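See below for the structure under consideration.
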Amino acid sequence: MRVIVQRVTAASVTVDGRICGKIAAGLLLLAGFEADDEEADLEWMAGKLLRLRLFCDAEGIMNRSVQEVGGEILAVSQFTLYASIRKGNRPSWNRAARGDISQPLFERFVSRLESGLGRPVATGIFGADMQVALVNDGPVTLSIDSRQPE
């Protein structure tokens with residue numbers, strides 16, 4: 001499982017001209033899945049994201065989590081995180097899980113985030129052509145892979 005994390009002051013997802021997910025300050029998560037991702041990947045990633053200290057404390061040091069600051073989360077499924085560009089210039093998506101595998105993984109991931117956050121997590125529409133708008137705060141952007149925890 002891979003997630004691109006962006007600290008934002010605002011973010012939204014639009015499908016067919018309609019906003020389907022929107023947050024104020026918090027985290028925008030772009031999440032991709034492989035076919036062999038398991039519950040352990042979801043658990044580790046959700047826990048890591050909820051505890052990441054990406055928000056500033058009173059001294060201006062990134063020392064507070066999204067939970068501690070009462071931030072919101074917008075999660076968007078993003079199969080392109082598993083693009084391979086080893087051959088030529090056209091990406092291959094072979095490592096990305098098919099929709100019938102990744103959609104349940106994404107839904108369980110969002111459920112874990114909601115449980116830990118204590119409130120709903122905004123999302124896009126799985127499999128739709130989505131437009132994501134954001135105001136990156138900092139900017140702060142991280143790439144996290146459950147198979148390569150650092």
Side-chain angles (χ1 to χ4, degrees), residues 1-14 19-86 91-97 99 101-150:
M1 176 178 187
R2 287 185 181 156
V3 174
I4 301 299
V5 183
Q6 295 181 306
R7 186 180 73 185
V8 299
T9 57
S12 65
V13 178
T14 302
I19 293 176
C20 56
K22 182 178 179 180
I23 64 168
L27 299 176
L28 169 63
L29 309 177
L30 305 175
F33 302 90
E34 287 185 286
D36 60 350
D37 282 336
E38 301 172 343
E39 293 302 316
D41 296 287
L42 304 177
E43 181 71 26
W44 181 86
M45 186 67 74
K48 178 61 80 174
L49 292 166
L50 292 169
R51 292 186 306 269
L52 269 177
R53 297 186 301 174
L54 297 179
F55 297 88
C56 294
D57 62 18
E59 287 77 41
I61 298 170
M62 282 194 273
N63 205 22
R64 300 185 72 203
S65 70
V66 68
Q67 292 173 306
E68 292 171 314
V69 299
E72 298 179 284
I73 295 176
L74 172 58
V76 178
S77 179
Q78 180 93 33
F79 77 92
T80 60
L81 294 179
Y82 280 102
S84 172
I85 53 171
R86 289 185 182 177
S92 165
W93 318 113
N94 291 341
R95 288 187 57 199
I101 295 170
S102 60
Q103 185 170 9
L105 288 169
F106 179 72
E107 290 169 358
R108 291 195 308 272
F109 172 60
V110 169
S111 178
R112 288 178 184 274
L113 290 170
E114 289 175 335
S115 292
L117 196 60
R119 60 184 174 281
V121 167
T123 65
I125 297 175
F126 189 91
D129 182 17
M130 297 178 272
Q131 289 72 51
V132 179
L134 68 136
V135 179
N136 194 321
D137 183 21
V140 174
T141 302
L142 303 174
S143 176
I144 304 174
D145 192 313
S146 65
R147 304 293 169 92
Q148 298 174 357
E150 295 185 54

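It should be emphasised that the depicted structure is a prediction, and the values quoted were computed from it without experimental measurement. Below, all heavy atoms of this structure are taken into account, side chains as well, without hydrogens, waters or symmetry copies.
Heavy atoms of other residues, nucleotides or ligands lying less than 6.0 angstrom from CZ of Arg108 number more than 12.
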Do Asp37 and Phe109 pass the side chain to side chain contact (heavy atoms under 4.5 Å, CB included) test, and can you show the C-alpha distance, the side-chain angles, and the key distance before you say yes or no? CA-CA 11 Å; Asp37 282 336; Phe109 172 60; over 6 Å; no
Would you check, one step at a time, whether the test side chain to side chain contact (heavy atoms under 4.5 Å, CB included) holds for Leu74 with Val8? CA-CA 10 Å; Leu74 172 58; Val8 299; over 6 Å; no
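The backbone N or O of Val121 sits less than 3.5 Å from a side-chain atom of Glu114, completing a donor-acceptor pair. Distance alone, capped at 3.5 Å, places no donor-acceptor pair between the Ser77 side chain and the Phe126 backbone. Of the possible polar contacts, one joining the Arg2 side chain to the Leu81 backbone as a donor-acceptor pair under 3.5 Å is found. Between the Arg86 side chain and the Ser92 main chain, no donor and acceptor come within less than 3.5 Å of each other. Listed for the Ser111 side chain is no donor-acceptor partner under 3.5 Å among the backbone atoms of Glu107.
With rounding to the nearest 0.5 angstrom, the OG1 atom of Thr141 is 9.0 Å from the CG atom of Leu28. One distance of note links SG of Cys20 with CD of Gln131; it measures 9.5 Å at 0.5 Å rounding. Atoms NZ and OG, on Lys48 and Ser65 in that order, are 12.0 Å from each other to the nearest 0.5 Å. Remark: Tyr82 OH to Asn94 CG distance equals 14.0 Å, nearest 0.5 Å. To the nearest 0.5 Å, atom CD of residue Gln78 and atom CG of residue Leu30 are 5.0 Å apart. To the nearest 0.5 Å, atoms CG (Leu42) and CG (Leu113) are separated by 9.5 Å.
Ala122 approaches Ile23 most closely through the heavy-atom pair CB-CG2, 3.9 Å. Arg7 and Asn136 make their closest contact through O-OD1, 3.2 Å (heavy atoms, listed as atom of the first residue, atom of the second, distance). Between Phe106 and Ala75, the closest heavy-atom pair is CZ-O, 3.5 Å. For Ser102 against Ala97, the heavy-atom pair with the smallest separation is OG-O, 3.7 Å.
Using a 4.5 Å cut-off on side-chain heavy atoms (C-beta onward), Leu105 and Asp41 make no contact. Residues Ile73 and Leu49 form no side-chain contact, since every pair of their non-hydrogen atoms from C-beta on lies 4.5 Å or further apart. Counting only heavy atoms from C-beta outward, the side chains of Gln148 and Ser143 never approach each other to under 4.5 Å. Put simply, the side chain of Thr123 does not reach to within 4.5 Å of the side chain of Val13, judged on heavy atoms.
For Glu34, the salt bridge (Lys or Arg N to Asp or Glu O under 4.0 Å) partners at least two apart in sequence or on another chain are Arg95.
Taking the charged nitrogens against the carboxylate oxygens, Asp57 and Arg64 have no contact shorter than 4.0 Å, which rules out a salt bridge.
Screening Leu29, Leu27, Asp145 against Val3 for a side chain to side chain contact (heavy atoms under 4.5 Å, CB included) leaves a single residue, Leu29.
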